[in-house]
Amino acid sequence: MTVGENRASWSDKLDDAFWAFRTAYKTPIGCTPYKLVYGKACHLPVELEHKAYWALKHANFDLRPLAIIESTQLMNLASFVIKLMRIRKSTRRRQRSYTIPR
């Protein structure tokens, strides 16, 4: 959901934004705000329920390839940090070997 550049469509989108907020599960309270207020789950009309299911189905893609990429990036970062620490250590050794005349 986006609002146009002229922002004149904000009032049209506001109801949808509030509905999305009220029906989204909130971890701190353990339920949706709608259920907290009304005591029951919010049921969608069939056509909206189908669209929501379709969106969830396409959004819940397989995360395993991403986990492999992320772990590779973390390993590369760790090796880079180790390399920087070695460079820093050798630089400090060289700096200590030089004495500053007083």
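When a residue number appears, it is its place in the shown sequence, counting from 1. All heavy atoms count here, side chains included; hydrogens, waters and symmetry mates do not.
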Is it the case that over 12 heavy atoms from other parts of the model lie below 6.0 angstrom from the OH atom of Tyr25? yes
Gap separating the CD1 atom of Ile69 from the CG atom of Leu74, nearest 0.5 angstrom: 12.0 Å
Do Val37 and Tyr34 belong together in a cluster built from hydrophobic side chains that touch within less than 4.5 Å? yes
Tightest non-hydrogen contact, residues Pro33 and Ala24, listed as CD-O, 3.5 Å
If you compare all heavy atoms of Lys35 against all heavy atoms of Ala41, which two are closest, and at what distance to 0.1 Å? CG-N, 4.5 Å
